[in-house]
Structure formats: C-alpha cells, structure tokens
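What you see below is based on every heavy atom in this structure, not just the backbone, and it leaves out hydrogens, waters and symmetry mates. All of these numbers come straight from a predicted model, not from anything done at the bench.
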Amino acid sequence: MRPYDAFLLISFGGPEGEDEVIPFLENVTRGRNIPRERLAEVGEHYFLFGGVSPINQQCRDLLAAVTADFETNGIDLPIYWGNRFWEPMLTDTLERMRDDGVRRVLALPTSAYCNWSSRTAYHEDIERARAALGEDAPEVDLIRPFYDHPGFVEPLAQYTQECLERLPDDQREGVRLLFSAHSIPTAMAEVSGGPDQGYGETGAYGAQLAEVARLVVERLDREYPHELVYQSRSGPPSQPWLEPDVNDRMEELAAEGVPAVVVVPHGFVSDHMEVKFDLDVEARETAEKLGIGYERALSPGTHPAFVSMVTELVREYTGRTDERRLTSLPRCAEAGGQCCKQR
C-alpha cells in the first residue's frame, strides 16, 4: 500500500490584481498590529507590477513541470496546491482533498531552510487547517529542508555563472558575489539552533545559507570572493535582525573600490515579489547610484534539476530512493533547534 495518497505544494500566496493587494497584506500581518499606512507603503511594491505578485503563476508553472516529471517517473499521486495567505487557501485545499478521499499527504513547502517563518509557520498553518476540518482531516507530512540537495544548489550555480559571464572583463575580475536571503530577527535565528549548538547568532538558518553559498562558489569556473547579505527586513529598528542589508553592503563595497556585484537570491525558491522588488528594483537602483556593475542571478524556479529534485524527494519519502544531501550539517532539531520539529 502506498504511504501517501496525494502530493501538496504549500506556498505563501500573493495577490493577482490591485483590489487584492491590501486584503492579502492584511492576511499576512493579521494579529501583528501593523499600521494601515505601512500596509499601503508595502502595497506600492505590488502596484508597480499591476497588483500582481509573480508567486502564484510561478507555483502553477512548477506544478505543471512536476506533474509531467511525476508521469515520466511513474509517480502516481494526484497533485494539489494550497497557500498560506491567499487563494487557493490551504484550508480550502485540504477540505477538497478530504472530499476527494485523500487521507495521507506529502507536502512540499516553497522554502528550503530552517527557521520559524519557513518551517514552524508551515507546521502551524497545517495544524490550524486540519483543526478547522475536524477529525477526518487528512494527515500531512512536510518534506524536509532541501537547501543542500543538488537540485537546489546546481541551478543557483548555473545562474550565477551566467551572470558572471555577462559582466565586462574588468568588472568580472574584481566582482563580489552577494548571496542574499530574507532577514529575520536574531532571536528567531537562534531558535533554529543557536550559540549553544555552535551556530552563533545566525542559528542553523545562517549556517545553512553560508553552506549553500560555499557549495555554489565551488561549482563556478574559479573561486570568487563572496559573502552573505540580507534583505526584506520589516521589523522595528529597536529589534536586532540579521545583517548586513544588501544595499548597505553595496555602499561599503563601492567605497572599497569593488567594481561590480552579482547578487544571488539563494534564500528563495522562485523570483517572487521580494526578489523582483527588493533586488531588481531597490538593489539595482542602489548599484546604479553607486556606479557599480550589477547582475542578479535567477532562483531555481522551474529549472529541470529543481523539478527533478521534487520528484526525488517524493521517491525518498516513499522509500524508493536514498536521501541525497551535499552537506553533513545536522538537522536543526538534532542540534537543539525548534523550527524543524514535526508538529
């Protein structure tokens, strides 16, 4: 008997029209007492793109590619999709799955790393959705963090190499690679495995990000100087968050004479709004103001290796293939972290 009845993609969700932007942001920030004017400010990011977040279409594209790959590889699982903050909502999707007779679900989050917002929050949303449906709600297993799977790392390496090759020779010689991820409060980072486990204030999250950067660089045509930066901070100035900010660091590098940067959004699975606005608009404008070269690598998206990774992870969880990891970093739960423990 198959251990699972269906595959579920769980993502963040995003608006697909100007009238959906503020209601979507209200869903994201519910219970956090975010001022209305702050929602309007963030909403302007979406209005620059017609009120349409790229993330939903990116999920549709990934699901289409995964469906084809499942068929090629003999995986006979129906595929569903549910979002945390916008349609199709996770609770509605689980209800449809229940009505379709699904009892056990293998779910992939569109998040590769360990921290509260990319693991614990998914577990909590799953449990809230199941509680809303009652005792006959499907059981859901969340696929492990996949930051160190070859199918995640290799597309990043390919896209980074392509950026390097687009730079003029004089800029490429002195380029700095900036590996960018979503900033989180340092307290949240520590919960993913903190100083007591040898991770420092960046926790397992920062350690994993650093490891992926290393893995990408060792796959390039030569070793380039590189470092971690962060983006998309949203907390009050009084609260410590992971640093440095990508824009702040570019200003420092320009002052040091660095001629160009390649920004690699290795903290993200696809080029959603925080990549399109924070990197393609804000960070690019910073580079132009500073007079330095700027290239931004693509995220994995629907790269064939990433699509194959999804299939391989399903085969791993159904006992049909062994686990593949490029690192020996401990699971964050094994190292005392709380974010990756199954709820």
Quick one: closest heavy-atom pair of [X] and [Y], and the distance?
| X | Y | result |
| --- | --- | --- |
| Asn56 | Gly14 | ND2-O, 3.2 Å |
| Pro300 | Leu156 | CD-CD2, 3.9 Å |
| Pro240 | Ser238 | CD-O, 3.6 Å |
| Phe24 | Gly13 | CE1-O, 3.3 Å |
| Gly151 | Met309 | CA-CB, 3.9 Å |
| Gln171 | Gly293 | OE1-CA, 3.6 Å |

Of all residues at least two apart in sequence or in a different chain, which pass the side chain to side chain donor-acceptor pair (under 3.5 Å) check with [X]?
| X | answer |
| --- | --- |
| Arg30 | Asn27 |
| Thr318 | none |
| Ser270 | Gln58 |
| Glu154 | none |

Do [X] and [Y] touch side chain to side chain, with heavy atoms closer than 4.5 Å?
| X | Y | value |
| --- | --- | --- |
| Arg96 | Asp92 | no |
| Phe277 | Glu44 | no |
| Ile184 | Trp116 | no |
| Glu285 | Val281 | yes |
| Arg98 | Arg103 | yes |
| Val105 | Tyr80 | no |
| Ile55 | Met273 | no |
| Leu177 | Val217 | yes |

For atom CG of Asp99, decide whether the heavy atoms of other residues, nucleotides or ligands shown that lie under 6.0 angstrom number more than 12. yes
Could you check whether atom CD of Glu165 has more than 12 heavy atoms from other residues, nucleotides or ligands sitting under 6.0 Å from it? yes
Rounded to the nearest 0.5 Å, what's the gap from [atom1] on [X] to [atom2] on [Y]? Could you check?
| X | Y | atom1 | atom2 | value |
| --- | --- | --- | --- | --- |
| Leu106 | Leu8 | CG | CG | 9.0 Å |
| Asp125 | Arg84 | CG | CZ | 4.5 Å |
| Asp278 | Gln231 | CG | CD | 5.0 Å |
| Ser118 | Tyr205 | OG | OH | 6.5 Å |
| Thr110 | Trp81 | OG1 | CH2 | 10.5 Å |
| Leu77 | Thr67 | CG | OG1 | 11.0 Å |

Taking ILVMFWY side chains as joined if any heavy atoms are under 4.5 angstrom apart, and letting links pass through other members, which residues group with Trp241? none
Connected to Tyr159, directly or through other members, by ILVMFWY side-chain contacts below 4.5 Å are Leu298
Which pairs count as ring pair (Phe, Tyr, Trp, His ring centres under 6.0 Å) when at least one residue sits in residues 48-72, sequence neighbours excluded? Phe7-Phe70
Are [X] and [Y] ion-paired here, with the side-chain N under 4.0 Å from a carboxylate O?
| X | Y | answer |
| --- | --- | --- |
| Asp169 | Arg172 | no |
| Arg130 | Glu127 | yes |
| Glu26 | Arg36 | yes |

Checking Asn115 against Ser192: is there a side-chain donor and acceptor pair closer than 3.5 Å? no
So, using ring pair (Phe, Tyr, Trp, His ring centres under 6.0 Å) as the criterion, who are the partners of His272 when residues are at least two apart? Phe268
Of all residues at least two apart in sequence or in a different chain, which pass the ring pair (Phe, Tyr, Trp, His ring centres under 6.0 Å) check with Phe12? Phe85
Would you sort out whether Glu87 and Glu20 count as a side chain to side chain contact (heavy atoms under 4.5 Å, CB included), showing the intermediate values? CA-CA 10 Å; Glu87 298 175 358; Glu20 297 181 356; 5.7 Å; no
Matching residue for Ser11 among Leu90, Leu108, Asn83, Val269 - test: side-chain contact (heavy atoms from CB on, under 4.5 Å): Asn83
Any donor and acceptor pair, going by atom type alone, linking the side chain of [X] with main-chain N or O of [Y] inside 3.5 Å?
| X | Y | result |
| --- | --- | --- |
| Arg219 | Leu215 | yes |
| Gln161 | Asp221 | yes |
| Asp245 | Asn247 | yes |
| Thr321 | Glu316 | no |
| Tyr317 | Arg144 | yes |
| Asn73 | Asp69 | yes |
| Arg104 | Pro3 | yes |

Looking at residues at least two apart in the chain, or sitting in another chain, which of them share a side-chain contact (heavy atoms from CB on, under 4.5 Å) with Ile34? Thr29, Arg32, Arg38, Leu39
Taking salt bridge (charged side-chain N to carboxylate O under 4.0 Å, His left out) as the definition, give me every residue that meets it alongside Glu274, ordered by chain and number, with sequence neighbours left out. none
Geometric cation-pi criterion, Arg119 with Tyr122: 6.0 Å, 45°: no
Before giving the answer on side chain to side chain contact (heavy atoms under 4.5 Å, CB included), spell out for Glu218 and Arg214 the whole-Å C-alpha distance, their side-chain angles and the decisive distance to 0.1 Å. CA-CA 6 Å; Glu218 73 178 18; Arg214 182 190 68 80; 3.0 Å; yes
Between Phe306 and Phe152, what is the ring plane arrangement, given parallel below 30°, perpendicular above 60°, and tilted in between? tilted
Side chain to side chain contact (heavy atoms under 4.5 Å, CB included) assessment of Arg296 paired with Lys276: CA-CA 10 Å; Arg296 197 270 292 173; Lys276 301 295 285 185; 4.3 Å; yes
For a quick test of your reading: what N or O donor-acceptor pairs under 3.5 Å do the side chains of residues 249-267 make, sequence neighbours left out?
from   : atom 1 : to     : atom 2 : distance (Å)
Arg249 : NE     : Glu227 : OE1    : 2.5
Arg249 : NH1    : Glu252 : OE1    : 2.8
Arg249 : NH2    : Glu227 : OE2    : 3.4
Glu251 : OE2    : Lys289 : NZ     : 3.3
His266 : ND1    : Ser180 : O      : 3.4
His266 : NE2    : Leu209 : O      : 3.1

